[in-house]
Amino acid sequence: MSARPPKLTIADYGMGNLRSVAKAFEHVGARALVSADPADLASAPAIVLPGVGAFPEAMREIERRGLAEPIRAAAAAGTPLLGICLGMQLLFDSSAEHGGSAGLGLLGGAVERLDAPGLKLPHIGWAHLRREADSPLTAGIDDGEPVYFVHSYAARPRAEDLLASAEHGERFAAVVGRGAVLGTQFHPEKSGAAGLRMLANFVTAATAARA
Amino acid sequence: MPLKRLIPCLDIDRGRVVKGTRFVDIRDAGDPVELAARYDAEGADELVFLDITASHEDRETIVALARRTADEVFIPFTIGGGIRSVADAQAVLDAGADKVGVNSAALARPELIGELAEVFGSQCVVVAIDARAVPGESRWDVHVAGGRRRVEGREAVAWAVEAAERGAGEILLTSMDRDGTEDGYDLALTAAVAAAVPIPVIASGGVGRLEHLAAGVLEGGADAVLAASIFHYGRHTIAEAKEAMRAAGIDVR
């Protein structure tokens with residue numbers, strides 16, 4: 001078995017800055033393929049689901065491009081999967097955004113609007129990351145390390161899937177995970193050295209899963 | 001409440017940093033990407049590139065800069081200067097920029113702000129305002145062309161309010177009176193705009209000493225503070241600036 005990091009597939013469903021995510025992974029030594037082809041997801045050793053935008057539109061695009069089934073199959077097979085921002089929200093059962101829609105259903109729970117009375121939405125900027133449970137993704141990251149968020153909605157995961165939280169009016173899920181399915185509400189590709197460390201952690205986990 | 005941000009600004013002319021740098025260990029002091037990567041490594045929270053290229057015939061230069069920056073810089077960055085349309089914005093955002101800054105084009109055609117917000121979301125739209133105090137009054141004229149030309153009928157606080165209503169996600173507020181003076185931000189201007197708009201305000205223009213940064217937040221009510229020359233000339237590091245803000249009781253990254 002080769003220890004060479006696997007070539008990640010970054011799922012392209014037409015929303016969000018895929019290039020920044022790909023470049024950040026390349027910066028930590030990974031190889032990344034940006035693809036909208038279901039076959040590339042089906043054969044991927046690890047999948048990244050990025051995303052910026054609205055939940056219902058994103059799910060429609062994922063379905064339209066035939067990407068939902070390979071993503072679900074990969075998760076069922078234990079393929080490492082990382083959702084970023086909207087991509088993390090899509091891992092859940094459903095979202096209330098824009099009238100509501102079903103998600104990929106890989107993590108239990110719903111996505112709801114942040115409850116931040118008196119504060120600005122979207123929540124944009126750096127906020128402290130608080131560790132809730134140990135996770136390979138946050139290995140080596142200091143408790144309280146700031147990371148960069150851009151969002152108005154947040155997931156309400158099952159308690160055992162909550163790995164780290166942050167605060168904006170309320171304490172919300174910032175890192176979630178169950179087995180090989182992981183997600184960050186913040187943008188690791190825009191969170192400086194700490195963000196790159198977490199992407200490297202994902203690559204390490206994906207490499208180990210393959211060995 | 002997000003942490004207060006420290007934002008170095010790089011003025012770009014034909015793809016190069018305009019103001020010289022005196023970092024001994026930088027190979028090419030005029031290369032914006034090398035400087036940007038250094039600021040990222042030192043702990044800058046965000047970067048602003050302001051394209052002041054006189055001729056905007058060659059948009060590809062700034063798009064190429066955005067692309068190269070996204071290859072090596074892993075914090076959010078804004079590209080401003082010469083953005084006149086959704087297509088201009090699309091090009092730099094696709095290249096990897098997180099936000100676009102609009103100034104004179106938004107004054108010429110305020111609908112542009114709403115069009116950008118509609119397509120990319122308000123979080124991508126920074127409206128830059130260059131303001132100059134009206135002597136003896138608590139109001140500020142809006143200027144364009146680097147402060148050389150006053151915009152008829154535009155007052156800075158009112159324009160900031162209108163920009164926010166039209167969908168701006170952030171106001172980059174520069175005092176043309178203070179820019180280059182090193183006397184500190186125009187705190188009255190900053191406070192007036194920060195109190196008037198529901199969106200973040202970036203204070204700009206006049207930083208000469210580290211304590212000016214904290215004053216922008218504590219007295220000006222700014223959500224972010226921008227500076228250029230004190231970093232470019234190696235007088236202070238980003239880390240020193242952050243430490244000064246922290247020492248003033250501001251929660252920073």
Side-chain angles (χ1 to χ4, degrees), chain A residues 14-28 32 34 50-54 57 85-86 114 116-129 142 144-152 166-170 186-200, chain B residues 1-7 33 36-37 39-47 63 66-78 90-99 117 119-126 164 169-170 194 197-202 223-224 238 242 246 251-253:
Chain A
M15 297 176 76
N17 203 329
L18 306 173
R19 194 165 181 283
S20 294
V21 174
K23 288 297 166 184
F25 272 112
E26 287 172 14
H27 194 80
V28 298
V34 175
V52 173
E57 193 186 344
C85 194
L86 176 61
L114 270 173
L119 294 178
K120 290 162 188 172
L121 285 183
H123 169 223
I124 303 174
W126 298 84
H128 298 290
L129 193 62
D142 292 340
E145 179 73 46
V147 290
Y148 187 77
F149 293 90
V150 182
H151 65 127
S152 296
E167 194 169 333
H168 186 70
E170 62 168 323
F186 56 89
H187 287 273
E189 77 281 11
K190 292 288 175 181
S191 292
L196 292 174
R197 174 69 188 264
M198 285 185 259
L199 294 183
Chain B
M1 184 80 81
L3 304 181
K4 302 301 178 189
R5 289 166 286 154
L6 176 63
I7 308 177
V33 178
Y39 289 150
D40 176 2
E42 285 183 350
D45 299 310
E46 206 168 309
L47 298 169
V63 173
R67 197 175 296 122
R68 284 182 55 226
T69 302
D71 290 352
E72 295 183 39
V73 171
F74 301 100
I75 52 175
F77 68 95
T78 300
Q90 184 89 58
V92 293
L93 294 171
D94 282 351
D98 298 276
K99 311 176 188 183
V119 176
F120 307 112
S122 285
Q123 81 283 349
C124 281
V125 185
V126 180
E170 214 157 43
V197 298
I199 56 176
V201 172
I202 305 167
D223 297 272
I238 302 287
K242 284 290 193 66
R246 208 173 280 120
D251 194 10
V252 292
R253 173 174 160 246

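Values reported hereafter were calculated over all heavy atoms of this structure, with side chains retained and with hydrogens, waters and symmetry mates removed. Lettering follows sequence order; numbering is per chain, from 1.
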> What option among Ala41(B), Pro76(B), Ala70(B) has the most heavy-atom pairs under 4.5 Å with chain A?
Replying inline: Pro76(B)
>> Please rank Val73(B), Leu93(B), Asp98(B) by heavy-atom pairs under 4.5 Å with chain A and give me the top one.
In response: Asp98(B)
>> For the interface with chain B, which of Ala127(A), Ala24(A), Gly125(A), Ala193(A) has the highest count of heavy-atom pairs at distances below 4.5 Å?
In response: Ala24(A)
> By a 4.5 Å heavy-atom criterion (distance strictly below it), what part of Ile124(A) contacts chain B: side chain, backbone, both, or neither?
Replying inline: both
> With only heavy atoms counted, which part of Val52(A) is less than 4.5 Å from chain B, the side chain, the backbone, both or neither?
Replying inline: side chain
>> Tell me every residue that passes salt bridge (charged side-chain N to carboxylate O under 4.0 Å, His left out) with Arg253(B), counting only those two or more places apart in sequence or in another chain.
In response: Asp45(B)
[X] [atom1] to [Y] [atom2] distance, which is reported to the nearest 0.5 Å:
| X | Y | atom1 | atom2 | value |
| --- | --- | --- | --- | --- |
| Asp71(B) | Arg19(A) | CG | CZ | 4.5 Å |
| Glu46(B) | Trp126(A) | CD | CH2 | 8.5 Å |
| His151(A) | Gln123(B) | NE2 | CD | 12.0 Å |
| Lys23(A) | Glu72(B) | NZ | CD | 9.5 Å |

Where on [X] is there a heavy atom nearer than 4.5 Å to chain A: the side chain, the backbone, both, or neither?
| X | value |
| --- | --- |
| Ala97(B) | backbone |
| Ala95(B) | backbone |
| Asp251(B) | side chain |
| Pro198(B) | backbone |

> Can you list the residues that meet the side chain to side chain donor-acceptor pair (under 3.5 Å) rule with Lys120(A), with sequence neighbours excluded?
Replying inline: none
> Can you name the nearest heavy-atom pair linking Ser20(A) to Gly96(B), along with the distance?
Replying inline: OG-O, 3.7 Å
